[in-house]
2 protein chains.
Amino acid sequence: MAEQKKTKAGRTKTSTAPGRVRRDPERTRARILEAARVEFARRGLGGARIDQITARAGSNKRMIYYYFGNKEALFLAALESAYEAIRMAEQSLRLTDLEPAEGIRRLVRFTWDYYLAHPEFITLLNSENLHRARHLKKSKEIQALHSPLVAMLDGLLRRGQRAGVFRRGVDAVQLYISIAALGYFYLSNNHTLSTIFGRDLMRPQALKQRLGHMTALVLGFLSK
Amino acid sequence: MAEQKKTKAGRTKTSTAPGRVRRDPERTRARILEAARVEFARRGLGGARIDQITARAGSNKRMIYYYFGNKEALFLAALESAYEAIRMAEQSLRLTDLEPAEGIRRLVRFTWDYYLAHPEFITLLNSENLHRARHLKKSKEIQALHSPLVAMLDGLLRRGQRAGVFRRGVDAVQLYISIAALGYFYLSNNHTLSTIFGRDLMRPQALKQRLGHMTALVLGFLSK
DNA sequence: CCCATTATTAACCAATTGGTTACATTAGAC
DNA sequence: GTCTAATGTAACCAATTGGTTAATAATGGG
């Protein structure tokens, strides 16, 4: 990946002559990143266009190469920022004070709600998996991408087992993947599934039923 | 979509002068379709290249437009052929003679095995969902794309309920989506998940554990 | 055997694309 | 106030791309 030039830390803004853009490297970079996230999520890495990103960011194409190096580095930055967003949201989840079954409900609900509110995260992830995670593998912040949900889930499972309300021998990572799978697949594939089943999987009633089913499935499995 | 020219039905092959390609429209079309399926699965619709498909098919670019019209029509044809393949495989599944729990195991196993053996189906579907199924919506054979597994599953659920070994009130479509989700998501996202968890989700042992977990989850939910 | 149609080959085209170059302006350090 | 570095603008470029045109050879019906 091309070396990225860095801005001076903590630069303050000052006046700018009329009719000229005030310089704001952090804002320029953030706008490019946001525009990139939208475009890559909408059209995938192969279909996304640098000029489209530029237009949406209200910037100049040169700035993309100045801040990010190339298209694929931009894609990785967009992906990392999407991961940071979900990890930040996960940090706010509090499950330790809940009884185990309620904690599971809350975790299933949180995961579902997040994917519902962030369809761009789903398509970005699909894009990255199409490319066999070759960008993510180069990321310098993989450690930061770990989900705190696995540890939370592990805690819930242990407390449930001790209380005698959950079955034993459940692997938290496996269950975490399953909880993600149930919501992710439904939303990710909703277009083809809706077309084939001839009904809109995104109708409010259908979404409500889906959440109920997912919760019942997971809790039904866990409960002794 | 551009109107597609059609070959005459049932044309027989005859001799061809040396140094010249014998005509074989069905074989040409089939090779292009297979090459398209590989290329679209590997690089997505936006990243796939017509010249790459041509080279892989051992044909001529003109032939792609002759048989399919344009790139997106070719993509739809590739997608339909992938659907036909899985539907054909599903037809061979026989569950009516099995007791309900064994039938569920068989169905979970079949779905998982199919996705394992056909990763191209997963990435093709992801591609089509990225484009909001706009190609599939134009397909003239959507009815044929319906899965027989839903009806099979419904039959299993009913027999299990009557025998008193399955819980009541389970929607076959919801459960079918969940069974697909558990395997599909794991395989579709295995690249990013492996990178983040720092372990290979595709190791034989991991795959075996995954199948065991999925079966336990579904049966654990169904069993009274 | 002739001829019209079909299937195929080879070359071509305009538009698009990711990325680069050259330059101008802003901004802060000294 | 000067000078250098950083940020930003505008124009440009070679390569690639999906799709088209023109022509040729194969094929089967009459």
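Each chain gets a letter, A, B and so on, in the order the sequences are listed, and its residues count up from 1.
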Mind calculating the distance between [atom1] ([X]) and [atom2] ([N]) to the nearest angstrom?
| X | N | atom1 | atom2 | value |
| --- | --- | --- | --- | --- |
| A/Gln52 | C/dT16 | CD | C1' | 12 Å |
| B/Arg29 | C/dT6 | CZ | C1' | 16 Å |
| A/Arg62 | C/dA22 | CZ | P | 12 Å |
| B/Tyr65 | D/dA22 | OH | P | 18 Å |
| B/Ile50 | C/dA15 | CD1 | P | 20 Å |
| B/Asn60 | D/dT21 | CG | P | 15 Å |
| B/Met63 | C/dT6 | CE | C1' | 9 Å |
| A/Tyr67 | C/dG18 | OH | P | 20 Å |

Check whether any side-chain heavy atom of B/Tyr176 sits under 4.5 Å from a side-chain heavy atom of B/Ser147, and report yes or no. yes
Check whether any side-chain heavy atom of A/Trp112 sits under 4.5 Å from a side-chain heavy atom of A/Leu187, and report yes or no. yes
Can you check whether B/Thr28 has a side-chain N or O nearer than 4.0 Å to OP1 or OP2 of C/dT8?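 So the side chain of B/Thr28 is within the cut-off, an N or O lying under 4.0 Å from OP1 or OP2 of C/dT8.
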What's the spacing between B/Thr192 OG1 and A/Leu136 CG if we round to 0.5 Å? 7.0 Å
Which of the following nucleotides, D/dG8, D/dT17, C/dG18, is nearest to the side chain of B/Arg49? D/dT17
Nearest to the A/Ser59 side chain among D/dG8, D/dG19, D/dT9, which nucleotide is it?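 The answer is D/dT9.
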How do B/Gly58 and B/Lys61 order along DNA chain C: which one's closest nucleotide is nearer the 5' end?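 Residue closer to the 5' terminus by nearest nucleotide: B/Gly58.
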Presence of salt bridge, A/Glu26 and A/Arg29, under 4.0 angstrom: no
